[in-house]
Amino acid sequence: MGFPKVAVVGLGFMGRTHIQSLRRLGVEVHGVAGISEDEAMAAAQDLAIQKWYRSFDEAVADDEIEVVHICTPNALHFQQAKQALEAGKHVFCEKPLAMTPAESGELVDLAKKKGLVTAVNYNLRFYPICQEARARIAAGDIGSPYLIHGAYLQDWLFLKTDWNWRLEPEQGGDLRVVADIGTHWMDMVMYLTGLKITEVMADFSTVHPTRMKPAGAVETYSSKINQNTSDNEVAINTEDVAVILFRFDNGALGNVSLAQVCAGRKNFFWFEISGSNSAMHWEQENPNELWIGYRDQPNQVLSKDPSLFHPEVRALTGFPGGHPEGYPDTFVQVFRQFYGAIASGKMPETGKFATFQDGHHEMVLCEAIQRSVVEKRWVKVDEIPG
Ligand code: SOE
């Protein structure tokens, strides 16, 4: 299969992760654009990429490019995705898709009108054992789910001196942990169970109401290594901690704790789905094992081994049993699906990668969560115009 030529815009932690995984699949990253000409030129040199663009506009104007990967700060996603779609490019966008549901809804309509393939990067779906969990839930293994709970905790913004663009609403949006990591969790549990969240009740706290803002940009996770000695103390209006209750469309209840200030928790995503037959529990930091809990027989720990998986899951697994798969592998799998859809000329049936429609749904959920915090009440998701 010949792959189309690709431009990656945004060259931080995420842009570089996209580039690595695209290359593993054999996709040619033809050009890159960054926050400045210097950044793009340096990255192109460093990563042996043919072209660098002076700006996003220049990347989108390149006729050779058929696909754009958007890995820039959240505030740029809407405008850049819109411009790329208008220029007839397929778009793979980092999450969250936009800053508001009105924006994400506009992108859904535009992508449909243009007949282009779109995806939002909810890559965690593509841990092989999560795919197997999904197949088992669909086959009825856990019975009817009634409690869906978990957490997504990190510590890279633990200190008052930790800094990143996500802390500024103008760049990251009004929601921080909910948009950045909470949407991964909500996407995962809805994807695994096929259930929809219908109501939310949430509360937030900001552990550091002020932080020390350094003069220059600070790459995601890097303030853990580089000491920040800034004396510029600025107010923080986004949440460090969020606690959310959920009601799902089958009546199941759920809850999740989200935070970027939990000492020792690096990227601790876990879910547990308790149903009428059994329960499943998974942790991202131990991604090749799925715990299955029973009342009437010994609990099991299922290790990743594609030869023992449902046949449709085997195709989404890169290595045999005993060969652990991790975070970068999820990108390879989601890109394989996305480029497969481009080759086939159409969007996939639901249930593969997250589409702009899924990304839009996450924006609607974010707005419902925010409204719940402001109005201190349960909010029905269908109260939000979508
Ligand atoms: C930072 O919180 C971050 O890089 C998220 O933006 C990613 O989506 C997540 O995969 C890891 O953490």
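For ligands, and for the atoms within them, numbers begin at 1 and follow the listed sequence. Basis for what follows: all heavy atoms, side chains included, without hydrogens, waters or symmetry-related copies.
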Undergrad: Looking only at protein heavy atoms, identify the closest one to atom 11 (C) of ligand 1 and say how far it is in Å.
TA: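 I find the closest protein heavy atom is Tyr221 OH, 3.2 Å.
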Undergrad: Output the list of atoms in ligand 1 that are nearer than 4.0 Å to some heavy atom of Phe13, sorted by atom number.
TA: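 Per the distance check, 4 (O).
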Undergrad: So is Lys95 in contact with ligand 1, going by heavy-atom distances below 4.0 Å?
TA: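 Checking ligand 1 against Lys95, which is what was asked, there is a heavy-atom contact under 4.0 Å.
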Undergrad: Got an N/O contact under 3.5 Å between Asn123 and ligand 1?
TA: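 By distance alone, the answer is no.
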Undergrad: Relative to ligand 1, is Asn267 under 4.0 angstrom through side chain, backbone, both or neither, heavy atoms considered?
TA: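 Just the side chain.
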Undergrad: Indicate the ring-plane relationship of Phe13 and Tyr327, choosing parallel, tilted or perpendicular according to the 30° and 60° boundaries.
TA: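 Rings of Phe13 and Tyr327: parallel, under 30°.
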Undergrad: Quick check on contacts: which atoms of ligand 1 are under 4.0 angstrom from a heavy atom of Arg166?
TA: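 Those atoms are 6 (O).
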Undergrad: For atom 10 (O) of ligand 1, what is the closest protein heavy atom, and at what distance to 0.1 Å?
TA: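 Going by distance alone, atom 10 (O) of ligand 1 is nearest to Tyr327 OH, 3.1 Å.
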Undergrad: Given side chains that start at C-beta, do those of Arg265 and Gln154 come closer than 4.5 Å, heavy atoms only?
TA: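 No; the side chains remain at least 4.5 Å from each other.
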Undergrad: How close does the nearest protein non-hydrogen atom get to atom 1 (C) of ligand 1, and which residue and atom is it?
TA: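 In this structure, atom 1 (C) of ligand 1 has Asp180 OD2, 3.2 Å as its nearest protein heavy atom.
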Undergrad: Determine, for Lys304 against Glu325, whether the closest basic-nitrogen to carboxylate-oxygen distance falls under 4.0 angstrom.
TA: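 A salt bridge is present here (some side-chain N lies under 4.0 Å from a carboxylate O).
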Undergrad: Does any donor atom in the side chain of Glu312 or His310 lie under 3.5 Å from an acceptor atom in the other side chain?
TA: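 No - no donor-acceptor pair under 3.5 Å links their side chains.
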Undergrad: Measure the distances from the heavy atoms of Tyr152 to every atom of ligand 1 and state whether one is below 4.0 angstrom.
TA: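 It does, in that a heavy atom of Tyr152 comes within the 4.0 Å cut-off of ligand 1.
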